[in-house]
Asks: 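One structure coming up, written as structure tokens, with questions to follow.
Residue numbering restarts at 1 for every chain, and letters A, B, ... go by the order of the sequence lines.
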Amino acid sequence: MTLYRICVGLHLLAMALWLGHMFVWSIFAGPAVKRIAPPATGEALRAASLSGFGLGWPALAILVATGLYMLGLRGIEIGDLVSGDAFRGTQGTALAVKLSLVLAMIAFQARFGHRPAGAFAHLNILVALTILAASVVLVRGWI
Amino acid sequence: MDLLRVSAYAHIILSILLMGFALFWLFMEAALRKRHGPVEGRELLAILARAAWPPGGVPESLRIPLPWLSLLVIAALVMTGIPGALARGTVSPLIAIKIGLFAAILSVQFLMARNLRTPLVRINFALVAAVIVVSSWAIR
């Protein structure tokens, strides 16, 4: 097994855990738990569901480390990112979109972490969906 | 983007949801057991398994219990996986392993939808994590 395969596996696993947690808690579980009756039971379940475990930062650390390694295998170094050379062409644009939005999600994580974020939580989900679309373009090309 | 890329995109989002639900049950089972003890924790988990989505906006009969949402996600994963499978043409050993893991997940999910138990929740999470890793290796 190559280091590349380990990195791809870790990258997708960290992404699925982090975003899966975000999507399911925000879209499905959270609203469903709020309607459980009697209210005391619903509150006990809600409290348990929010009893924190910080998945965001560990997942982000894995995503950034494995992401930079995989970019390196594609011939893109940190210098290319800083100079902007990496952002030419369709896939370069997809990379620019992806990395900009990843920075936005890091900012969101730093600001809100495991705290209620209101409408920003839904905006964060939209950003995550756009990052995934950019990733598909990056791996498979636009056409 | 063509059908292949759109289906790949949808497939990734659905995989994330499948992992999210697996993580949700794993986390809730552990959190409820820790906070309320094994007996009350199991009762609360059973109540949680009857919680339905969407919580409003549709008649009660159209609301889907949370464990059944995973089965819907699996059905959608099969649908969105078909274009990629057709484009690939052959079944590589990794894809064969993926299909086997997927069949195991489907069986466990059916059991979970009927009776949510601790071992099933753990097995389901391990299988979903395994299928995501195997899928990542099959990416061309």
Asks: Please find the pair of heavy atoms, one from I27(A) and one from W53(B), that lie closest to each other, and give the distance.
Replies: O-NE1, 2.9 Å
Asks: Using non-hydrogen atoms and a 4.5 Å limit, figure out which bit of R50(B) sits close to chain A: side chain, backbone, both or neither.
Replies: neither
Asks: Find out whether V133(B) and L12(A) are in side-chain contact, i.e. whether some heavy atom of one side chain is under 4.5 Å from a heavy atom of the other.
Replies: no
Asks: Which pair of heavy atoms, one from F24(B) and one from W25(A), lies closest together, and at what distance?
Replies: CA-CH2, 3.3 Å
Asks: Check whether L48(B) gets within reach of chain A through its side chain, its backbone, both or neither, counting any heavy atom under 4.5 Å.
Replies: both
Asks: In terms of heavy-atom proximity below 4.5 Å to chain B, should L17(A) be classed as side chain, backbone, both, or neither?
Replies: both
Asks: Non-hydrogen atoms of chain A under 4.5 Å away: do they reach the side chain of A52(B), the backbone, both or neither?
Replies: backbone
Asks: To the nearest 0.5 Å, how far apart are CG in L13(A) and CD1 in I132(B)?
Replies: 6.5 Å
Asks: Which atoms of L44(B) are under 4.5 Å from chain A, going by heavy atoms: the side chain, the backbone, both sets, or neither?
Replies: both
Asks: With a 4.5 angstrom heavy-atom cut-off, which part of L18(B) approaches chain A: side chain, backbone, both or neither?
Replies: neither
Asks: May I ask you to name which of G42(A), A37(A), P31(A), S135(A) has the most heavy-atom pairs under 4.5 Å with chain B?
Replies: P31(A)
Asks: Could you tell me which portion of L10(A) (side chain, backbone, both or neither) has an atom closer than 4.5 angstrom to a non-hydrogen atom of chain B?
Replies: neither
Asks: If every non-hydrogen atom of W137(B) is compared with every non-hydrogen atom of I6(A), which pair is closest and at what distance?
Replies: NE1-N, 4.5 Å
Asks: Search all heavy atoms of R35(B) against all heavy atoms of A47(A) and return the closest pair with its distance.
Replies: NH2-CB, 3.5 Å
Asks: Which heavy atom of R63(B) sits nearest to which heavy atom of R35(A), and what is that distance?
Replies: NH1-NH2, 4.1 Å
